[in-house]
Amino acid sequence: SEAAEKPGTDKKPYVALISKGFRHQFWQAVKAGAEQAGKEFNVDVTFEGAQEEGNVEQQIQLLQTVIDKKPGAIGFAAIDSQAAGPLMTQAKNAKIPVIAFDSGVDSDVPITTASTDNLAAAAEAAKHMAEKIGHEGKIAMVVHDQTSVTGVQRRDGFQEYIKKNEPKIQIVDVQYSGDPLKATDLAKAILTANPDLKGIYGSNEGAAIGVLHAVQEKGLTGKITIVGFDSGKDQIDAIKAGTMYGAITQNPVGIGYETVKAAVAAIKGEKLPKSIDTGFYWYDKTNIDDAKISAVLYQ
Amino acid sequence: MTLLEVRGASKSFPGVRALDDVDLELRHGEVLALVGENGAGKSTLMKLLSGIDRPDGGEFFLDGVQYTPASPRHAQELGISIIHQELNLMPDLTVAQNIFIGREPRIGGLLLSERALNRRTRELLDRLGLPLEPTDLIGDLTVARQQMVEIARALSFNARVLVMDEPTAALNEVEVNTLFGLIRRFVTPTTGVIYISHRMHELAEITDRITVLRDGRYVDTLDTASSTVPQVISLMVGRTITGEQRPRAAVVTGEPVLSVRGLHTKALLRDVSFEVRRGEILGFAGLMGAGRTELARALVGADRKDGGTVTVHGREVAISNPADAARAGIGYLSEDRKRYGVLLGRSVRDNVVLASMPRFTSAFGLVADRMIGKTATDYVAKLRIRTPSTGQLVQNLSGGNQQKTVIAKWLVRDCDVLIFDEPTRGIDVGAKDEIYALLDELAADGKAIVMISSELPEVLRMSHRIAVMCQGRITAVLDSTDASQELIMDYATRFSAQGTVTS
Amino acid sequence: MTAIPIPARVRGSVQQLLALASLIAILVFFSFASPYFFTPSNLVGILMAATVTGILALGTTFVIVSGGIDLSIGTGMILCGVMTGVFMTYWGWPAWAGVIGAILFGGLIGFINGFNVSVLGLPPFIATLGMMLVASGLSLVISGTKPIYFKEHPDFQLLMNYDVIPGARFPLGVLIFLVLTVVAAVVLSKTIVGRYAFSIGSNEAATALSGVNVVRWKLTIYTIAGLFVGIAGVLAASRLSSAQPVGGMGLELEAIAAVVIGGTSLQGGRGSIAGTVVGALIVAVLTNGLRVTAVPQEWQSVVVGCVILVAVYVDMLRRKAN
Amino acid sequence: MTAIPIPARVRGSVQQLLALASLIAILVFFSFASPYFFTPSNLVGILMAATVTGILALGTTFVIVSGGIDLSIGTGMILCGVMTGVFMTYWGWPAWAGVIGAILFGGLIGFINGFNVSVLGLPPFIATLGMMLVASGLSLVISGTKPIYFKEHPDFQLLMNYDVIPGARFPLGVLIFLVLTVVAAVVLSKTIVGRYAFSIGSNEAATALSGVNVVRWKLTIYTIAGLFVGIAGVLAASRLSSAQPVGGMGLELEAIAAVVIGGTSLQGGRGSIAGTVVGALIVAVLTNGLRVTAVPQEWQSVVVGCVILVAVYVDMLRRKAN
Ligand SMILES: Nc1ncnc2c1ncn2[C@@H]1O[C@H](COP(=O)(O)OP(=O)(O)OP(=O)(O)O)[C@@H](O)[C@H]1O
Ligand SMILES: Nc1ncnc2c1ncn2[C@@H]1O[C@H](COP(=O)(O)OP(=O)(O)OP(=O)(O)O)[C@@H](O)[C@H]1O
Ligand SMILES: [Mg+2]
Ligand SMILES: [Mg+2]
């Protein structure tokens, strides 16, 4: 109902979530999970993210505004946790419990963290890539972003796994873009410069879609192993059709849900574990229709 | 020893040899006229003198000492002050700020003192007797007043040599007299003035000698006292011009083409009514700021009207912008060539056809370049526009030739009513006669012509009837047979005590 | 006076040749730097990468020549893509109707810009900045912040990708870009709207006083730019076989840069379509070349920035020398 | 002649008052719309949000008044922030030296822009677009694509956050913004560089003919803008207690929008610092108000876009009526 969405119009507790962005489907799925929990536990939930994903300054401003509204609890997915330090202290002084989500907040203020281990998830993607290409050959990476924690972890987790376990696999290029159109042109250039490439990894939905279209446009469908991240209809279809090998998905709905659930517990003063693992899954043609997987995929 | 001497100055532009081995000598205490046809190279020579352009060859001497002006500032420091043909003012700054740009009074070397600036400007303006407000924005002033600011600025330097490139082109008789007074006061045994003008009758009044340029070359220098106007003109154009005096025309009795009733604007115009007949030239005379330009602009919809009707060929027309006016058959040639006349960055060709593009466009919207080229060539020849080709950018033409280009634009459009605001501004004597002939021809063709001019002899010579304006009202409409300079000036100064006109 | 006539036409084409020279220099450089660069497939890739920005730049050339600016083309394009999805997927229109609808929608965006600029008299920068924000928000609102897929129209992606030359890979999208270039060049240099764009850009007040209905023609000019935005949006959606509701910000600067690199003056009154295409290609070739030669990405924008400066500077010097 | 003299001074201040009226209207609206809006802490929050963009807008007002444009302020600010990190963390300079160093570095960026524009004669749009790209790349290169933290200077964040009024929350950063506003206003309206900025923007050729060394003064003007960029960069870094190497793109448009909303003409020659501040506040208040009233985020940019259009239009109408 209208009233339920407006904070402060009744005595319901209010939980404010500040995320890294809101435009991408991933965040929309987190939002959906959070709102679901909001209904279930009868709390008001708002969800806001930086207009421009990765803009620390914008996120800090959102956080400031929210703290001024004195919510019952705050959920926070920090773009840069150190940058948020002063505001974390401010929240603590105002006695507003903070729940970190998506990635950790490097501060002792948050009571708990609902997140996925991005390093481990990326390593899982690397493992599947290595198996598929027979543990040797050249591969490349298209990473959605060069500086954010998820971007860096999804890059480093992948790279480190290959370095440690796959001596015959060579990563020839790492380029950055999460915009599908730009990622397409960029992946095409990588394919051009490396005719003997065996596989490409795309570190989020936008990057993976870009890689997919680049391979199609180059007429290399089936010859290049594509491993992606997140979900979305394009990736799901491509995996079903066999044009993409598989992808890692987090459980974005679960992240949102767990965050609000933890916030409610914190408002009530209940004890919470130090971290809540929301998990990740590898999915490909063989398991995509499993109930456990399809529950965490968003279209 | 001479005050200023030029020896063998040469200057070329792409496609044009503007100056070819020109000599010039300015003596102490004299006013030297520099005359020549449009494009003869007068302005170019002055630009070399004042350090704006570098010469290709030639030497300059000031009091016998050779100098090479490196920049306008350098020339100024040497004591050479110049009023350019094209206005060079900052429209967003005030009168005072414009006059003292680069020489602002400061407090403690850091902060500007607006008060001191305005005081000094007020002193200067009072000394020169110019009716200007130091704090007015230049952009709000008419061309004539802007020209006065230029004059004030040039005189504010302690100059030895004052160069005036057509300072009177935008002025009318009264202001011209003010200017001459200023020049006479400026000239002392240590100073001199170079005076460029196309108004021949001014030369006798103010100058001592006359130097003539033709086609970028030095022709001759005459003593003003011992030479006649036809003599000067024939040197200028290289042939004799029979400056035939047009017989004063009889009253035209064709049907009215344009009739204006009760035109009114908030700022100035009060109940202006007049009509122009087929085949008639209606002259508009008045002092600066009388409202003639404002009338023309309101009429064609360039400015807001607050009342009044306009009828063309007996049908009332609603005009809310110049496009409506053009559709109704009314064309307006503005007095401010640079701002409202030409497209400086486009070719002569593009300018000439600008008002008539649809005529040169096929059904598919494609423009007929060949036809445009032909038309442009025709008019360049007809008006003797001096340009290497019709593709030349208008900004590279001399001032007078730019003016001819604007006139050509309206000739191509073929309107029933043509309003010419100062049509001969900056045009040389020979060309002026050509334009007069053209206007006569247009009238004879059955067009109705409104001619606004600040040169009374021109108004008297050309018009069948003359409307005189004062303070936004028409104070008289005279038949040309009855009109005289004195009578016109009388009606042009019919101010009333309350600021309204009694007529 | 001795006239040495150099027809303006000849000088004009020499200038374009010179801008082209910068492009060729860059092409030659990368051809030596990487064996993979000067291959048919990579060159086609460059053209594809240039298509969307290039089409935006074509349309915005009209606006810039007329002395205006259009900041709404980037997010406007995204919105047109979303509208393609709305028409074809949500409303079930046939593909041709969806495409035409989205292009006309682009025209509508342009028309509104033109209205704000010419009728209301807002500064073009502000009018189109406002539209940029509005369009970026509306894309999200209309799409529900999800990509829209063309389920019912699996062939829609052929609009960009169909190989026009059997055997060789030459995508339809690139052909469309080339055709649009010719159309834009003809419209700008040979039709009345093009002439008026130049006149208005050169001196709007004088053009109006010449009896030209400046309001109407500015409306037309912005609408033309909007139609190009619509086409770009449709092609971008076709390429990704989905309407992506995010992005587009920054694309306007890229397109305007292409126009300016091509020698069109932001003051208005001067410019050419040929220049714009060369400008768009310079950016596309540079970006691709740096990727193919695997220059670390953080250095890429440094290099692109410097090359743009140098290219425009060299172009300017040569013009002066002319 | 009946002169009806309206001194330029009076007209100017009336205009500013009117722009202020739009701001007040928005403030009143949100005060009624949300109980959280008109609270001291939220108002201070708005000022803090306006600080960085506002300071950028102050500097760029000089450039725009002089008829130029500066697109490099957004990424340039990011680069200055990174340099703060380099000086203070990598090189171990004391805080005061790091701050001054970074501000001077901003001046250097501005100086290079000024050099490219006035000495080389590049169009300001291109010159500063090139710098925008170079700065955004250099930030990544220099920082190693990682944020730089001020480990050795835990107090550095106080530069932005220190409460100047004991007890009440009024951060030092906002005070700095206010002081800079006064400084900029004095420099623009009362000193020679301000006067020449107006003069150059009004008619550059005529200014040069008047003997003003236009090249030198344009260098100065761009350098001033650069110094403001440096200050903004330092404050942004202080606020985040880290130098973030990404972002900044788009901020230039926001700052320019503030300047234009404030009544400064992009043609140059007209403008004021007071207007710029009001423009910056309009954007900041609007953004904050929409958040506080919990307008869905995808609608926010639509609303901001529309309000900007309306505010500028109303301002224009009132000016005309004057
Ligand atoms: N920058 C330029 N580029 C090309 N040609 C030029 C340039 N400046 C002047 N010219 C040409 O040089 C010639 C002389 O021009 P100038 O302006 O000196 O004439 P003028 O005697 O002052 O004429 P007017 O009486 O019309 O003002 C003209 O043919 C003009 O077209
Ligand atoms: N753009 C403007 N802004 C403000 N006032 C103006 C403007 N243009 C003209 N005026 C004023 O309107 C009055 C009429 O000027 P207008 O130009 O119509 O006179 P005019 O008879 O054509 O004289 P001239 O053209 O010789 O100066 C003058 O008082 C002038 O100061
Ligand atoms: Mg001249
Ligand atoms: Mg007049």
Side-chain angles (χ1 to χ4, degrees), chain A residues 21-29 31-32 47 49 51-53 140 142-143 145-147 172-197 205-206 209-210 212-214 216-220 232-238 241 298-299, chain C residues 34-37 39 41-46 48-53 77-78 81 133 136-137 139-140 143-149 151 154 157 160-161 163 169 171 173 235-237 239-242 244-251 284 287-298 300:
Chain A
F22 76 100
R23 291 165 182 261
H24 285 106
Q25 280 198 83
F26 178 82
W27 297 115
Q28 291 295 323
K31 183 180 177 188
F47 184 98
Q51 284 281 352
E52 192 193 328
E53 197 156 336
V142 176
V143 179
D145 162 348
Q146 205 164 358
T147 53
V172 291
D173 205 351
V174 185
Q175 302 264 355
Y176 302 86
S177 179
D179 177 84
L181 211 53
K182 289 214 172 94
T184 306
D185 290 324
L186 191 150
K188 271 177 97 172
I190 295 178
L191 289 166
T192 301
N194 303 282
D196 50 351
L197 204 68
E205 190 188 340
I209 292 175
L212 189 64
H213 283 276
Q216 274 168 6
E217 285 182 9
K218 277 287 213 180
L220 294 170
K233 187 175 179 300
D234 251 7
Q235 283 198 85
I236 293 170
D237 287 354
Y298 57 86
Q299 291 257 332
Chain C
S34 163
Y36 303 112
F37 178 78
T39 57
S41 106
N42 191 49
L43 294 181
V44 168
I46 293 174
M48 269 191 100
T51 295
V52 169
T53 327
M77 177 205 94
I78 295 291
L133 294 170
S136 97
S139 304
L140 292 173
S143 67
T145 66
K146 286 189 298 290
I148 306 176
Y149 299 98
K151 298 189 274 286
Q157 53 106 353
M160 184 77 181
N161 290 303
D163 286 335
R169 173 141 177 72
L235 287 181
R239 184 167 189 197
L240 297 173
S241 34
S242 60
Q244 300 285 338
V246 259
M249 291 235 183
L251 217 53
T287 313
N288 173 283
L290 292 171
R291 282 177 189 153
V292 169
T293 51
V295 170
Q297 205 167 358
E298 51 271 33
Q300 288 180 9

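Keep in mind it's a predicted model, so treat the numbers as computed, not measured. A, B, ... follow the sequence lines: proteins, then strands. Residue 1 opens every chain.
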Contact part of [X] toward chain A, heavy-atom cut-off under 4.5 Å: side chain, backbone, both or neither?
{"X": "C:T293", "result": "neither"}
{"X": "C:T287", "result": "neither"}
{"X": "C:S242", "result": "side chain"}
{"X": "C:L140", "result": "side chain"}

C:L240 and A:H213: side-chain contact (heavy atoms from CB on, under 4.5 Å), yes or no, with the steps?
CA-CA 7 Å; C:L240 297 173; A:H213 283 276; 4.0 Å; yes
Would you give the length of the straight line joining atom [atom1] of [X] to atom [atom2] of [Y], rounded to the nearest 0.5 angstrom?
{"X": "C:N42", "Y": "A:K218", "atom1": "CG", "atom2": "NZ", "result": "6.0 Å"}
{"X": "C:M48", "Y": "A:L181", "atom1": "CE", "atom2": "CG", "result": "9.0 Å"}
{"X": "A:Q146", "Y": "C:E298", "atom1": "CD", "atom2": "CD", "result": "4.5 Å"}
{"X": "A:T192", "Y": "C:F37", "atom1": "OG1", "atom2": "CZ", "result": "10.0 Å"}
{"X": "C:Q244", "Y": "A:I209", "atom1": "CD", "atom2": "CD1", "result": "5.0 Å"}

Residue [X] versus chain C: region with a heavy atom under 4.5 Å:
{"X": "A:K233", "value": "both"}
{"X": "A:D237", "value": "neither"}
{"X": "A:Q28", "value": "side chain"}
{"X": "A:E217", "value": "both"}

With chain A, the option among C:G45, C:P35, C:P147, C:S136 that has the most non-hydrogen atom pairs under 4.5 Å is C:P147
Minimum heavy-atom distance C:Y149-A:G232, with the two atoms named
OH-C, 4.4 Å
Which pair of non-hydrogen atoms, one from A:D179 and one from C:G247, has the smallest distance, and what is that distance?
OD1-CA, 4.4 Å
A:D185 with C:R239: basic N within carboxylate O range, under 4.0 Å:
yes
Validation row: A:Q25, C:T145 side chains within 4.5 angstrom (heavy atoms):
no
So do A:K188 and C:S41 actually touch side chain to side chain, heavy atoms under 4.5 Å?
no
Let's test your reading of the structure: which of A:G206, A:A214, A:A189 forms the most heavy-atom pairs below 4.5 Å with chain C?
A:A189
May I ask you to name which of A:V172, A:V174, A:T184 has the most heavy-atom pairs under 4.5 Å with chain C?
A:T184
Please check if the side chain of C:Q297 supplies one atom and the backbone of A:Y176 the other of a donor-acceptor pair under 3.5 Å.
yes
